[in-house]
Amino acid sequence: MIPPLIVLAVLIGGWELICQAGWVDPLLLPAPSAVATSLWEDRAILGPDLAVTTQEVVFGLLAALVLGIVLAVAMHLVPMLDRALRPLVVGSQAVPIPVLAPLIVFALGFGLAPKIVVVALICFFPVVVNVADGLRDVDPDARRVLNALGTSRWQRLRFLEAPSALPAGFTGLRIAAAVAVIGAVLAETAGSTAGLGHLIITANAQLASARVFAATALLVFEAVALYVLFSALERRVVSWSPRTVS
Amino acid sequence: MIPPLIVLAVLIGGWELICQAGWVDPLLLPAPSAVATSLWEDRAILGPDLAVTTQEVVFGLLAALVLGIVLAVAMHLVPMLDRALRPLVVGSQAVPIPVLAPLIVFALGFGLAPKIVVVALICFFPVVVNVADGLRDVDPDARRVLNALGTSRWQRLRFLEAPSALPAGFTGLRIAAAVAVIGAVLAETAGSTAGLGHLIITANAQLASARVFAATALLVFEAVALYVLFSALERRVVSWSPRTVS
Amino acid sequence: GEKAEPTGSELPRQEPFTVMLDYFPNADHAGLYAALDAGLYQRAGLDVKLQAPPDPSAPLKLLAAGKADLAISYTPELLLARDSGQEDIVSVGALVQKPLTSLIALPSGGVKTAKDLAGKNVATSGIPYQSAYLKTILANADVDPTSVKEINVGFNLTQAMLSKKADASLGSFWNYEGVDLQRRDEDPTILRMEDIGVPTYNELIFVARRQDLDEAGAARLRRFLSATAAGHRLLKQNPKAGVDALLKADKGLDAGLQEAAIKATLPVFFPVPPDPEDRAAPTTITPPANVKDLPWGWQEPIVWANYERWMRSENLLTRPPSEASPLTNEFLPGEGLAESSRDR
Amino acid sequence: MSGVRKAYGDVVALDGVDLRVAAGELVAVVGPSGCGKSTLLSLVCGLEPADAGTVEAPAAALMPQRDGLLPWLSALDNAALALRVAGASKAAAREAAHAHFVRFGLEGFEKARPATLSGGMRQRVAFLRTLLAGRPLLCLDEPFGALDALTRTQAQTWLAEALAREPRTVLLVTHDVEEAVLLADRVVLLSQRPGRVVSVLDVPLARPRARTEQAVVELRERALAALGVAE
Amino acid sequence: MSGVRKAYGDVVALDGVDLRVAAGELVAVVGPSGCGKSTLLSLVCGLEPADAGTVEAPAAALMPQRDGLLPWLSALDNAALALRVAGASKAAAREAAHAHFVRFGLEGFEKARPATLSGGMRQRVAFLRTLLAGRPLLCLDEPFGALDALTRTQAQTWLAEALAREPRTVLLVTHDVEEAVLLADRVVLLSQRPGRVVSVLDVPLARPRARTEQAVVELRERALAALGVAE
Ligand SMILES: Nc1ncnc2c1ncn2[C@@H]1O[C@H](COP(=O)(O)OP(=O)(O)OP(=O)(O)O)[C@@H](O)[C@H]1O
Ligand SMILES: Nc1ncnc2c1ncn2[C@@H]1O[C@H](COP(=O)(O)OP(=O)(O)OP(=O)(O)O)[C@@H](O)[C@H]1O
Ligand SMILES: [Mg+2]
Ligand SMILES: [Mg+2]
């Protein structure tokens with residue numbers, strides 16, 4: 001717990017100094033003290049927006065998880081599907097939100113659904129890639145044992161490949177958790193009336209930089225919290241792996 | 001090669017049908033034929049912008065690769081550093097570009113540098129996480145052999161941990177390659193005079209949807225090409241792993 | 001935002017009516033929110049939904065795709081859309097009569113007039129017609145265009161000036177960013193487009209699809225515009241009402257800034273008599289010549305024609321002019337009932 | 001299996017191997033390291049196709065040379081894996097496997113992950129897993145290679161008993177000629193790579209056999225001689 | 001090493017083990033599976049701390065029970081690994097390792113990845129790697145467990161020769177009592193877990209020793225008896 005706090009303290013201290021010294025216009029970079037003040041004073045605004053964003057993140061992440069795993073498994077089971085879909089999956093990551101947003105709005109309107117879609121679109125990719133890679137990183141001897149037993153494809157997946165993929169899957173999940181937050185922000189910039197991303201845009205347009213940074217601080221905190229949560233889950237679930245043992 | 005082409009053909013065919021049937025307004029979703037026409041007719045505009053974006057992507061990706069590996073190795077070698085920096089690394093992924101952009105512009109102006117920074121910021125994360133995880137997924141027996149030989153920390157890294165981390169590292173690299181393109185677009189939306197992201201903004205403002213989609217098609221193509229490139233590299237480099245053998 | 005309203009039995013049947021805003025709710029929309037908050041739409045039998053768009057170019061796309069009954073957009077944007085084949089969409093009223101887009105500079109930039117732009121960096125947001133504004137402004141001020149560096153900074157116009165990477169910016173609104181900077185004592189120089197050589201135009205307009213304007217659609221639109229006009233009259237009497245209504249929609253808005261912006265914008269929410277001395281003003285005005293009779297939302301066809309000609313001269317429009325007019329005033333309050341189409 | 005040939009690139013692992021194993025027979029395969037014994041089992045288990053010749057075999061359970069235990073399962077669950085795969089419930093499979101844990105000196109290690117087991121313990125778990133699979137054919141690749149004399153004798157005895165109770169066909173790869181002679185009905189001797197059948201020794205002795213029995217010692221020496229091990 | 005105790009949770013692997021090995025001596029450690037032999041080597045190599053007692057040992061090279069080959073290196077590079085680690089150039093290390101490849105029946109497999117090697121070949125590569133480390137102390141954990149009689153005899157001979165040329169201290173864990181008697185100066189017999197030293201047999205025989213020598217057979221039987229293997 002201590003090292004990150006020290007780093008944080010040093011970082012914030014230096015930042016405050018830079019701002020106090022007047023090297024940067026406070027409209028560009030507000031002092032941490034101003035951000036802290038905004039965190040407190042604007043809590044009535046920040047709180048509900050944080051709740052909205054968190055909701056988008058949680059649902060989006062869940063959707064990404066399910067979608068990512070299902071897709072990775074399907075691609076793993078049917079190599080043809082892998083070859084057919086992987087370019088699409090990769091390509092999906094290169095479509096800019098401004099291009100996509102009107103289409104998503106057209107299809108889904110303005111509620112929670114389009115936000116979940118955007119978050120899921122951004123998060124499912126590291127999950128798919130890591131899980132698909134993990135499913136193939138199987139101990140050849142264990143594979144031989146199960147193959148010799150005449151196991152069904154499904155059994156090999158269940159008893160061998162799925163557990164083998166867990167560590168890599170968690171790597172992907174942690175990446176997804178960290179980027180889910182920014183996904184929600186992107187989704188909100190594409191038309192929304194609430195959420196921290198929305199707040200940042202309106203605050204930015206009003207040059208309320210302390211509030212912008214206060215919202216950003218919450219986003220950062222949320223990303224770190226999610227990452228830590230999934231790390232903890234990983235330590236429990238993947239207890240056999242050298243990465244958690246050593 | 002065949003399955004992705006079939007899927008692509010079906011997809012584009014369906015899309016064309018939907019557009020021809022007039023279900024969607026061409027402003028919202030231009031027909032593939034219109035996009036193809038734009039690809040051809042606007043090639044004098046698209047070409048140079050593609051070159052600019054590619055340059056940003058390549059340099060940003062290289063920077064992310066170096067930064068990501070150095071950081072992951074440093075965090076691996078000094079656990080204290082890991083604990084201190086990981087929250088920052090994770091948190092860095094939650095800072096929205098609109099918040100960051102003014103600061104980057106303030107520090108770096110409008111040239112190539114800020115784009116490289118943004119691309120690198122987005123791409124280094126999957127590299128760090130995957131490499132750091134990979135460095136720990138080491139065969140315990142091999143570790144014992146090297147430990148017993150009284151190897152230095154550096155030697156263990158070089159002979160044992162670094163090669164062990166290669167497969168996971170390539171997973172991260174492929175993810176990074178796929179998202180690098182969108183990183184460049186994001187960077188360009190925060191201020192630029194060229195590049196496909198810039199083109200998309202201007203074309204969008206002119207409601208030139210076909211051109212927007214033509215630029216998007218190039219982005220998608222570039223992401224897929226980079227991914228395929230790194231996959232091929234991986235097959236050569238990580239030739240011992242079950243993921244590439246089987 | 002429900003106030004104490006007439007009881008349900010007195011209300012007409014509510015028809016859903018979706019309006020796609022041009023941007024997140026802000027002072028420009030104060031009249032609409034005031035009308036909404038005062039129950040004017042409800043009384044007009046409209047269940048109005050004011051919807052922020054995914055991005056400023058999306059409202060026309062979503063309107064064309066039938067996802068809204070009405071969209072708020074920009075004159076150049078509409079003309080571009082029509083140029084790309086969307087001849088079915090038409091401007092049915094002006095929300096803001098004048099350009100809001102302006103050339104803004106901070107004292108550090110050393111730009112007081114358009115002439116001072118020589119040798120400077122100008123930040124724009126990369127929208128082609130705004131780049132064309134800059135060209136026109138420079139030509140108008142006899143400044144060598146090659147001496148001016150245009151840098152596209154996306155959404156960071158003000159920040160680019162604050163970080164001293166740009167000496168001036170073209171693209172922010174005088175009634176919003178301009179007012180904000182003034183309130184912060186940044187002492188901005190604000191030059192409005194129509195004052196420095198760009199033909200005047202209606203910055204924000206209401207756009208509809210002609211195909212939606214059958215008898216029932218037209219009736220709905222008339223009721224909407226009439227209620228919106230009333231909302232703006234409310235706003236004129238009491239700008240605070242607009243602030244309260246806006247803040248109900250978005251608590252993140254700064255009440256002081258919104259009020260100042262609304263007050264600054266009030267004059268351009270309503271049609272004003274053209275100043276004969278104004279170079280940018282149309283030389284003639286279509287009847288009714290009596291300015292008092294100009295209804296709220298009035299669009300001056302000559303202004304539009306001038307602006308369209310300018311766009312064409314800048315190669316922003318490529319297709320030959322269309323048969324169908326890009327605007328109609330026939331759905332404005334008090335208009336169009338007697339004469340079917342005044343603008344033809 | 002007849003006329004079987006298998007090559008990996010330039011390396012010919014097996015060349016022209018004919019082998020017929022009767023049901024219920026225990027055939028030991030002995031041969032120099034790298035001569036293709038493990039490859040032979042792979043072919044029999046249908047894990048790889050032969051390059052030439054035909055292989056026919058019933059459903060088999062394989063115990064590979066490097067145990068192939070699943071690191072995320074406990075010792076008990078690893079032993080019970082084949083039962084789970086065959087459709088048994090988790091509880092039933094565990095119970096069935098646990099019945100043998102005391103006998104195999106694995107008591108108290110039911111919940112231990114493979115990584116925390118000793119080399120010999122891992123081997124015993126893998127052996128148990130293979131036997132419990134209940135397949136008509138067992139392919140055992142050096143099943144007792146890491147066991148000390150005592151534990152090995154116990155395991156051998158146990159295998160003999162299990163086979164007596166419930167006859168199975170066994171293909172036993174071992175580098176230990178003595179073990180082959182003690183357990184097998186026939187001993188197949190393979191040549192240096194590419195592996196060919198050099199000779200087949202019948203072991204017509206009654207069971208249980210003792211290490212020191214004259215006939216056992218004699219056969220062992222004959223086999224060793226055939227393999228070229230100098231006296 | 002004196003009074004050493006090592007426990008993993010509830011499992012006591014070693015308890016009160018005293019062992020003194022003179023420089024240049026070859027001591028074989030024999031004991032039932034799971035009695036803590038591998039653990040003993042870990043402690044000697046300094047891989048884990050003892051819970052009680054003291055361990056003193058010179059720089060060692062370890063050959064673990066499961067070879068621990070690096071899958072990304074060729075057989076040659078795996079064998080040469082210790083040399084590389086000691087600072088040799090890639091070319092020099094390869095050359096040094098290659099000199100032994102023919103002798104070990106690994107010729108032609110220089111470039112093969114461990115995954116394509118047979119079990120016995122892997123073991124030989126690991127053995128080579130350990131010897132080439134040039135450490136004063138060798139800790140060999142079942143170095144020949146996967147080798148057939150012929151290859152094993154060759155490897156044993158080779159080890160004996162290498163030691164004669166360049167004396168080293170060797171701690172040899174084996175489950176094969178015969179091997180222990182053939183190679184060692186002393187044989188340390190460990191009890192069932194928790195491992196304790198049951199007895200130490202001196203092997204005062206001249207080398208080379210033959211498997212069939214009377215003294216060898218006798219010592220072997222004594223050791224087996226001490227371990228409780230019924231005749
Ligand atoms: N997957 C593979 N790819 C390439 N070569 C292989 C593969 N598997 C085995 N070989 C080669 O085939 C030959 C026979 O290997 P096999 O494992 O069958 O030997 P073995 O008789 O089991 O030896 P040991 O007693 O040492 O285990 C060896 O030379 C080995 O290198
Ligand atoms: N890392 C570990 N964690 C927990 N328990 C362990 C660990 N390593 C060894 N043990 C336990 O310590 C005991 C001794 O193990 P060790 O590997 O030393 O036995 P061994 O004498 O080498 O046996 P074998 O001849 O079967 O290889 C075993 O019961 C084993 O389960
Ligand atoms: Mg083998
Ligand atoms: Mg051991």
Option from B:Asp25, B:Leu29, B:Leu28 for which side chain to side chain contact (heavy atoms under 4.5 Å, CB included) with A:Phe106 holds: B:Leu28
Sole candidate of A:Asp137, A:Thr171, A:Asp133 that passes side chain to side chain donor-acceptor pair (under 3.5 Å) when paired with B:Thr171: A:Asp133
All salt bridge (Lys or Arg N to Asp or Glu O under 4.0 Å) counterparts of B:Arg156, not counting sequence neighbours: none
Within-4.5 Å side-chain heavy-atom neighbours: A:Pro87 and B:Val224: yes
Side chain, backbone, both or neither of B:Ile175 within contact of chain A (heavy atoms, under 4.5 Å): both
Residues from residues 205-215 of chain A approaching chain B under 4.5 Å (heavy atoms): A:Val212, A:Phe213
Heavy-atom pairs under 4.5 Å with chain A, option from B:Val128, B:Val89, B:Asp139, B:Val99 with the top count: B:Val99
A:Gln93 to B:Val179 - nearest heavy-atom pair and separation: OE1-CG1, 4.1 Å
Residue part contacting chain B, namely of A:Leu226, when any heavy atom lies under 4.5 Å: neither
Among A:Phe170, A:Tyr227, A:Phe125, residue most engaged with chain B (heavy-atom pairs, under 4.5 Å): A:Tyr227
Shortest non-hydrogen contact between A:Ala94 and B:Val181, atoms and distance: CB-CG1, 4.1 Å
Chain A contact via B:Val7 - which portion, at a heavy-atom distance below 4.5 Å: side chain
Option in A:Ile97, A:Leu8, A:Ile182 with maximal non-hydrogen atom pairs under 4.5 Å from chain B: A:Ile182
Atom pair CZ (B:Arg136) and OG (A:Ser241), whose distance is rounded to the nearest 0.5 Å: 8.0 Å
Portion of B:Val95 that has a non-hydrogen atom of chain A nearer than 4.5 angstrom: both
Contact origin within B:Asn130 toward chain A - heavy atom pairs under 4.5 Å: both
Segment of B:Leu219 engaging chain A (4.5 angstrom heavy-atom cut-off): both
Partner chain A: residue of B:Ala223, B:Pro98, B:Pro102, B:Pro96 with the largest heavy-atom pair count (under 4.5 Å): B:Pro96
B:Val185 versus chain A, the contacting section by heavy-atom distance below 4.5 Å: side chain
Heavy-atom contact with chain B under 4.5 Å, split by part of A:Val220: both
Under 4.5 Å from a heavy atom of chain A, the part of B:Leu88 involved: side chain
Reported OG1-to-CG distance for the pair A:Thr216 and B:Leu100, which is rounded to 0.5 angstrom: 9.0 Å
Residue B:Leu135 versus chain A: region with a heavy atom under 4.5 Å: neither
